[in-house]
*Asks:* 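Pasting in a structure now, in structure tokens, and then I'll have a few things to ask.
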Number of protein chains: 2
Amino acid sequence: MSTTKMNRSYLYGSFPGSFGNPTAEEKRLIRELKRLFARRQGRRYHKGDVIYQPGDIDDSLYYIHSGKVKLAYLDESGRKLTLTILGEGEIFGEMVLIGRKERDLLAQVLQDAVIYEIERSRFLELLREKPELALEVMELFGRRTQEIERKLEDLVFKDIPTRLSRQILKLIEEHGVETREGVQIDFKITHKELADLIGSARENTTSALNRLAKEGILDKKRYRIIVKDEERLKEKSGI
Amino acid sequence: MSTTKMNRSYLYGSFPGSFGNPTAEEKRLIRELKRLFARRQGRRYHKGDVIYQPGDIDDSLYYIHSGKVKLAYLDESGRKLTLTILGEGEIFGEMVLIGRKERDLLAQVLQDAVIYEIERSRFLELLREKPELALEVMELFGRRTQEIERKLEDLVFKDIPTRLSRQILKLIEEHGVETREGVQIDFKITHKELADLIGSARENTTSALNRLAKEGILDKKRYRIIVKDEERLKEKSGI
DNA sequence: GAGATTCTGTGTGCCCGCGGGCAGACCCCC
DNA sequence: GGGGGTCTGCCCGCGGGCACACAGAATCTC
């Protein structure tokens with residue numbers, strides 16, 4: 001159970017399976033990658049800034065040094081589906097690596113951020129020099145795939161209250177900070193933002209959230225959610 | 001526009017972006033990988049056979065030499081969501097590479113198949129020897145991710161007729177054969193199977209299909225779908 | 001080739017969840 | 001510190017799509 005903050009960084013997390021914990025060699029790679037990203041000055045972004053949006057043609061990967069970024073689908077009708085919210089230490093825009101020219105997601109800043117950018121060609125260069133790095137990227141794709149599969153599964157099989165519970169659990173796992181009253185999500189989030197995450201309308205999200213609050217599972221103030229009873233939230237999410 | 005059969009093989013397809021078309025080096029890698037898979041005797045599977053199912057613990061990747069395999073989510077309530085249907089030349093089960101011990105998908109044979117199996121450790125061995133191979137795997141994950149993202153987008157934003165049109169287009173792209181009357185899906189498929197692919201109930205899929213037939217966009221017999229007017233089908237799918 | 005099984009076609013009731021419409025509360029920024 | 005804009009709460013009508021229920025047709029099996 002997560003009580004203190006723990007980012008599930010793709011690059012800094014532990015290596016799975018037979019790779020075991022990071023070896024010296026792997027740590028070297030991580031440093032390498034970090035250096036690669038850090039070579040450029042990190043750029044400062046503000047809440048609401050759009051890093052890229054569907055249709056954009058750019059050729060970079062991004063590394064979040066600080067702040068929060070959301071990745072989302074936009075529908076032509078204006079509806080939105082947020083895939084995930086990323087924090088410190090995470091990489092996005094990796095689709096350029098498999099030859100996507102156009103972005104199909106929106107990448108937007110949710111909390112003021114400093115972000116490093118690296119051109120795909122530079123990244124691939126390094127990948128040629130040090131092909132072991134591709135293992136890292138493989139990791140990245142694999143995890144992202146799992147994340148989306150999970151979301152797909154939820155959307156098809158689960159109703160709104162369940163999806164909401166699961167989403168909040170995910171948020172406090174990835175962005176939770178311990179407080180006196182419970183685990184709080186460490187950035188400001190609106191009901192609309194939550195609704196986009198679970199693929200529902202704002203009104204339904206609000207009322208599902210209110211039910212959870214009424215049951216004493218969480219506290220909420222404007223923009224803030226504090227989970228008081230993680231166990232019961234897990235029950236709600238059908239685990 | 002696809003008229004003749006074209007499998008979108010992950011391994012044998014063209015390399016994207018700056019990789020350009022397969023170089024001699026890349027072709028060598030592909031041969032290598034193929035050899036790796038072929039070392040074992042291919043195993044023969046029959047329609048309906050389950051290769052693995054959610055919760056199974058096995059440690060292999062699979063290569064489809066011939067036949068069709070579907071990958072699907074199962075809900076505890078018995079509902080099902082089919083992610084994709086794979087054919088000749090494709091690899092699946094790749095999640096073991098990023099340390100998943102348990103399968104979370106069902107892999108089931110749709111059409112009699114010959115499938116090669118390779119243990120993850122053997123695969124990783126080769127990956128250490130020839131880390132360039134990881135680029136291939138990166139590719140694989142990347143494409144699979146895109147595939148799922150597309151499905152997610154459809155499920156949230158599109159209604160059943162649209163999803164059905166899009167799904168049929170995908171099927172004839174990946175499994176289409178040219179016939180006198182039009183492009184036909186080259187394996188037998190039921191309405192239930194189609195419904196699972198687009199995340200809907202069988203009855204609604206049937207009636208949407210019948211509407212398409214009535215409009216002259218496709219012909220259908222039991223188990224068979226023949227697209228007569230690909231252009232109009234594309235319109236229906238909202239492109 | 002006859003029976004069993006599976007697949008297809010269609011109709012109906014029902015419910016979840018969307019979307020519109022407001023009112024009121026809270027924030028934030030100037 | 002006051003006003004405008006955003007966010008939250010709630011109501012309610014409507015509709016897409018699911019579940020159930022059969023009936024008939026095609027296919028498979030022995």
Side-chain angles (χ1 to χ4, degrees), chain A residues 46-48 75-82 108 110-112 154-168 185 187-215 218-226 238, chain B residues 46-48 75 77-82 108 110-112 154-168 185 187-215 218-226 236 238:
Chain A
H46 294 286
K47 184 176 172 179
D75 190 49
E76 48 282 4
S77 71
R79 286 193 60 194
K80 187 187 289 183
L81 177 72
T82 304
Q108 189 174 23
L110 275 190
Q111 187 184 74
D112 292 2
D154 281 6
L155 267 161
V156 177
F157 297 131
K158 315 292 183 193
D159 60 10
I160 287 180
T162 308
R163 298 210 300 270
L164 179 64
S165 302
R166 290 162 87 94
Q167 183 63 56
I168 291 173
I185 298 171
F187 58 96
K188 286 157 78 173
I189 188 167
T190 66
H191 293 182
K192 175 61 167 63
E193 213 63 75
L194 258 181
D196 289 346
L197 273 167
I198 63 174
S200 80
R202 200 267 309 163
E203 297 84 337
N204 302 300
T205 305
T206 295
S207 81
L209 203 55
N210 287 342
R211 255 172 285 142
L212 289 178
K214 195 167 286 172
E215 294 179 45
L218 51 81
D219 259 0
K220 66 193 177 52
K221 324 192 205 327
R222 177 172 264 228
Y223 294 121
R224 301 239 88 114
I225 292 169
I226 302 169
Chain B
H46 294 284
K47 184 176 172 178
D75 190 48
S77 71
R79 285 193 61 192
K80 185 187 289 182
L81 178 72
T82 304
Q108 189 175 23
L110 275 191
Q111 185 183 76
D112 291 3
D154 281 6
L155 268 161
V156 177
F157 297 131
K158 314 292 184 193
D159 60 10
I160 286 181
T162 308
R163 298 210 299 269
L164 179 63
S165 302
R166 289 161 86 94
Q167 183 62 56
I168 292 175
I185 297 170
F187 59 95
K188 285 158 79 176
I189 188 166
T190 66
H191 294 181
K192 175 63 166 62
E193 213 64 75
L194 259 180
D196 289 346
L197 272 166
I198 63 173
S200 81
R202 201 267 309 161
E203 296 85 336
N204 301 299
T205 305
T206 294
S207 82
L209 204 56
N210 287 340
R211 254 171 286 143
L212 288 178
K214 195 168 287 172
E215 296 181 44
L218 52 80
D219 260 1
K220 66 192 178 53
K221 324 191 204 331
R222 180 173 263 230
Y223 293 121
R224 303 239 86 112
I225 292 169
I226 302 170
K236 292 274 173 190

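In this text, all values refer to a predicted model and were calculated from it rather than measured experimentally. When reading the values below, keep in mind they use all heavy atoms of this one structure, side chains included, and skip hydrogens, waters and symmetry mates.
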*Asks:* Can you list everything that forms a side chain to side chain contact (heavy atoms under 4.5 Å, CB included) with Asn204(B)? Sequence neighbours excluded, please.
*Replies:* Ile160(B), Ala201(B)

*Asks:* Going by side chain to side chain donor-acceptor pair (under 3.5 Å), name the residues that satisfy it together with Lys47(B), two or more places apart in sequence or in a different chain.
*Replies:* none

*Asks:* Per the salt bridge (charged side-chain N to carboxylate O under 4.0 Å, His left out) rule, what does the pair list look like for residues 187-199 of chain A, sequence neighbours excluded?
*Replies:* Lys70(A)-Glu193(A), Lys192(A)-Asp196(A)

*Asks:* Which residues pass the side chain to side chain contact (heavy atoms under 4.5 Å, CB included) test with Gln167(B), not counting sequence neighbours?
*Replies:* Lys151(B), Lys170(B), Leu171(B), Leu194(B), Leu197(B), Ile198(B)

*Asks:* What bend angle does the helix from dG1(C)-dC30(D) to dC30(C)-dG1(D) show across its length, from five-pair end axes and to the nearest 10 degrees?
*Replies:* 60°

*Asks:* Kindly indicate whether the side chain of Ile189(A), heavy atoms from C-beta on, has any atom under 4.5 Å from the side chain of Tyr223(A).
*Replies:* no

*Asks:* Please list, pair by pair, any protein nitrogen or oxygen found under 3.5 Å from a nitrogen or oxygen in nucleotides 9-13 of chain C.
*Replies:*
{"from": "dG9(C)", "atom 1": "OP1", "to": "Lys220(B)", "atom 2": "NZ", "distance (Å)": "2.6"}
{"from": "dG9(C)", "atom 1": "OP2", "to": "Asn210(B)", "atom 2": "OD1", "distance (Å)": "3.4"}
{"from": "dG9(C)", "atom 1": "N7", "to": "Arg202(B)", "atom 2": "NH1", "distance (Å)": "3.0"}
{"from": "dG9(C)", "atom 1": "O6", "to": "Arg202(B)", "atom 2": "NH2", "distance (Å)": "3.0"}
{"from": "dT10(C)", "atom 1": "OP2", "to": "Asn210(B)", "atom 2": "ND2", "distance (Å)": "3.4"}

*Asks:* Yes or no on side-chain hydrogen bond (donor to acceptor under 3.5 Å, both in side chains) for His191(A) and Thr206(A), after CA distance, side-chain angles and deciding distance?
*Replies:* CA-CA 6 Å; His191(A) 293 182; Thr206(A) 295; 2.9 Å; yes

*Asks:* Look at the side chain of Arg202(A) and the backbone N and O of Ala195(A), then say whether any donor-acceptor pair between them is shorter than 3.5 Å.
*Replies:* no

*Asks:* Gly199(A) or Ile189(B): which one's nearest nucleotide on DNA chain C is closer to the 5' end?
*Replies:* Ile189(B)

*Asks:* In this structure, are over 12 heavy atoms from other groups packed under 6.0 Å from Lys236(B) atom NZ?
*Replies:* no

*Asks:* Check every nucleotide of DNA chain D for an atom under 4.0 Å from a heavy-atom of chain B, then give the first and the last such nucleotide from 5' to 3'.
*Replies:* dG17(D) to dC28(D)

*Asks:* Quick one: side chain to side chain contact (heavy atoms under 4.5 Å, CB included) partners of Ser207(B), sequence neighbours excluded?
*Replies:* Arg211(B)

*Asks:* Could you give the distance from CD1 (Ile168(B)) to NZ (Lys220(B)), rounded to the nearest 0.5 Å?
*Replies:* 10.5 Å

*Asks:* For DNA chain C, what residues of residues 155-163 of chain A have any heavy atom nearer than 4.0 Å?
*Replies:* Asp159(A), Ile160(A)

*Asks:* Does Arg166(A) reach the main-chain N or O of Asp154(A) with its side chain, forming a donor-acceptor pair under 3.5 Å?
*Replies:* no

*Asks:* So what does Gly78(A) hit on the nucleic acid, given a heavy-atom distance under 4.0 Å: a base, only sugar-phosphate, or nothing?
*Replies:* nothing

*Asks:* Under 3.5 Å, which protein N or O atoms sit close to an N or O of nucleotides 27-30 of chain C? Give each pair with its distance.
*Replies:*
{"from": "dC28(C)", "atom 1": "OP1", "to": "Lys188(A)", "atom 2": "NZ", "distance (Å)": "2.5"}

*Asks:* Looking at CG of Asp219(A) and CG of Leu212(A), how far apart are the two atoms once the value is rounded to the nearest 0.5 Å?
*Replies:* 11.5 Å

*Asks:* I want to check something: taking the side chain as every heavy atom from C-beta on, are Ile185(A) and Ile226(A) in contact at a cut-off of under 4.5 Å?
*Replies:* no

*Asks:* Excluding sequence neighbours, so at least two apart, what forms side chain to side chain donor-acceptor pair (under 3.5 Å) with Thr82(A)?
*Replies:* none

*Asks:* Just jot down the side chain to side chain contact (heavy atoms under 4.5 Å, CB included) partners of Arg79(A), sequence neighbours excluded, or say none.
*Replies:* Asp75(A), Ser77(A), Val156(B), Phe157(B)

